[in-house]
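Every number for a ligand or one of its atoms is a count from 1 in the order of the listing. Residue numbers count from 1 along this sequence. Computed from a prediction, not measured in an experiment: that's the story for all the values here.
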Amino acid sequence: MIYLKTNDEIELLRENNILVSQTLAEVGRHIKPGVTTKELDRIAEDFIRAHGAIPSCLGYEGYPAATCISVNEQVVHGIPSDYVIKEGDIVSVDLCTFMKGFNGDSAYTFAVGEIDDDVRRLLEVTKEALYKGTAQAKVGNRVGDISAAVQEYAESFGYGVVRELEGHGLGRKMHEAPGVPNYGARGRGPLLKEGMVICIEPMITMGNRAVVFERDGWTVRTRDRKPAAHYEFAVAIRKDGPDVLTDFGIIENALNN
Ligand code: MF3
Ligand code: CO
């Protein structure tokens with residue numbers, strides 16, 4: 001069952017995703033050598049609650065924190081810990097809010113100080129893959145058009161596209177239909193209709209695409225322990241094209257100031 005949202009509902013989803021963007025910016029400002037991922041999680045949780053929302057990752061299927069923070073070879077769903085961030089790390093932060101009956105869900109991968117050129121390129125390509133997929137998120141296209149655009153772009157650089165996890169619908173529930181894989185064929189999959197809201201979230205690896213699920217029950221890392229990046233947008237499907245509910249501009253302005 002794919003829920004189509006009214007314009008008013010899309011505005012509530014936008015409010016949530018702007019708060020997610022602001023929270024990612026707040027976390028990003030604090031990502032520096034010496035900070036622990038648990039401290040970053042606390043900053044995010046306090047910020048979300050101070051803005052009248054609930055961090056909807058906390059308690060989701062028993063998840064123990066407000067954010068997922070995945071460092072270097074961790075792909076997604078890293079649990080905040082006493083790990084101390086160091087220069088050269090890449091730090092993916094994925095977080096969700098809930099207020100006014102709807103969810104927000106977005107992710108961003110941050111570089112800590114100077115990072116290797118090949119890792120910088122991984123981040124740039126993963127973000128661009130998200131943009132390529134997003135451009136396909138319009139009425140009349142199919143989910144496979146998004147999937148193929150992400151896959152083709154990432155693979156053209158020789159990167160791996162993680163198969164085990166995918167994007168999803170977003171609404172009153174954090175995860176709704178349809179699933180939005182990061183690989184697939186153009187013209188296949190569910191038809192995109194006015195009022196659908198989906199999260200597009202490429203998870204791209206510098207080496208082999210294979211991943212391992214850690215024994216903590218959550219953390220997903222690359223099998224070859226090479227770095228992985230993850231960016232996520234919430235997007236409403238409209239007649240006049242993709243309506244991106246997430247605002248990376250808020251994050252990137254915060255990093256440049
Ligand atoms: N935010 C993640 C997503 O993009 C979901 C995290 S699962 C949780 O779908 F349990 F950590 F919340
Ligand atoms: Co998501």
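- Stacking of Arg163 on the aromatic ring of Tyr183 is recorded, both the 6.0 Å distance cut-off and the 45° axial limit being met.
- Closest to the Co ion (ligand 2) among the N, O or S atoms of Asp105 is OD2.
- Listed by number with element, the atoms of ligand 1 under 4.0 angstrom from any heavy atom of His175 are 3 (C), 5 (C), 9 (O).
- Side chain to side chain, Ser92 and Ser70 fail the donor-acceptor criterion of an N or O pair below 3.5 Å.
- At a heavy-atom distance under 4.0 Å, atoms from both the backbone and the side chain of Tyr60 approach ligand 1.
- Taking backbone and side chain together, Glu201 holds an N, O or S atom under 2.8 Å from the Co ion (ligand 2).
- Side chain to side chain, Tyr60 and His175 meet the donor-acceptor criterion of an N or O pair below 3.5 Å.
- The N/O atoms of His168, backbone and side chain alike, include one that comes under 3.5 Å of an N/O atom in ligand 1.
- Neither the backbone nor the side chain of Glu61 comes within contact range of ligand 1; no heavy atom lies under 4.0 Å.
- By the 3.5 Å distance cut-off applied to N or O atoms, Asp94 is counted among the residues near ligand 1.
- With the Co ion (ligand 2) at the apex, His168 NE2 and Glu232 OE2 define an angle of roughly 110° (rounded to 10 degrees).
- In terms of protein heavy atoms, atom 11 (F) of ligand 1 is closest to Cys68 SG, 3.1 Å.
- Close to ligand 1: His77, with a non-hydrogen atom less than 4.0 angstrom away.
- Atoms of ligand 1 found under 4.0 Å from any heavy atom of Cys96, numbered from 1 in the order shown, are 1 (N).
- Using a 30° and 60° split on the angle between ring planes, Trp218 and His77 fall in the perpendicular class, above 60°.
- If you check the side chains of Tyr231 and Asp94, you find no donor sitting under 3.5 Å from an acceptor.
- Close approach of ligand 1 to Glu232 (heavy-atom distance below 4.0 Å) involves ligand atoms 4 (O).
- Side-chain contact annotation: Glu176 with His168, donor-acceptor N/O pair under 3.5 Å absent.
- At a threshold of 4.0 Å, the pair Lys100-Glu15 counts as salt-bridged, since one of the basic side-chain nitrogens sits closer than that to a carboxylate oxygen.
- Residue Cys199 places every heavy atom at 4.0 Å or more from ligand 1.
- At a heavy-atom distance under 4.0 Å, atoms from both the backbone and the side chain of Cys57 approach ligand 1.
- Each of the atoms 10 (F) of ligand 1 lies under 4.0 Å from some heavy atom of Trp218.
- Between Asp105 and ligand 1, at least one pair of N/O atoms sits closer than 3.5 Å.
- Side-chain N/O atoms of Asp82 and Thr36 include no donor and acceptor closer than 3.5 Å.
- Close contacts of ligand 1 with Glu201, meaning ligand atoms under 4.0 Å from a residue heavy atom, involve 3 (C), 4 (O), 9 (O).
- Within 6.0 Å of atom CZ in Arg186, more than 12 heavy atoms from other residues, nucleotides or ligands are found, so the atom counts as buried in its surroundings.
- A donor atom on one side chain and an acceptor atom on the other are found under 3.5 Å apart for Asn7 and Arg238.
- Using modelled atom types and a 3.5 Å distance limit, the side chains of Asn72 and Asp89 yield a donor-acceptor pair.
- With 2.8 Å as the limit, Cys199 does not count as an N, O or S neighbour of the Co ion (ligand 2).
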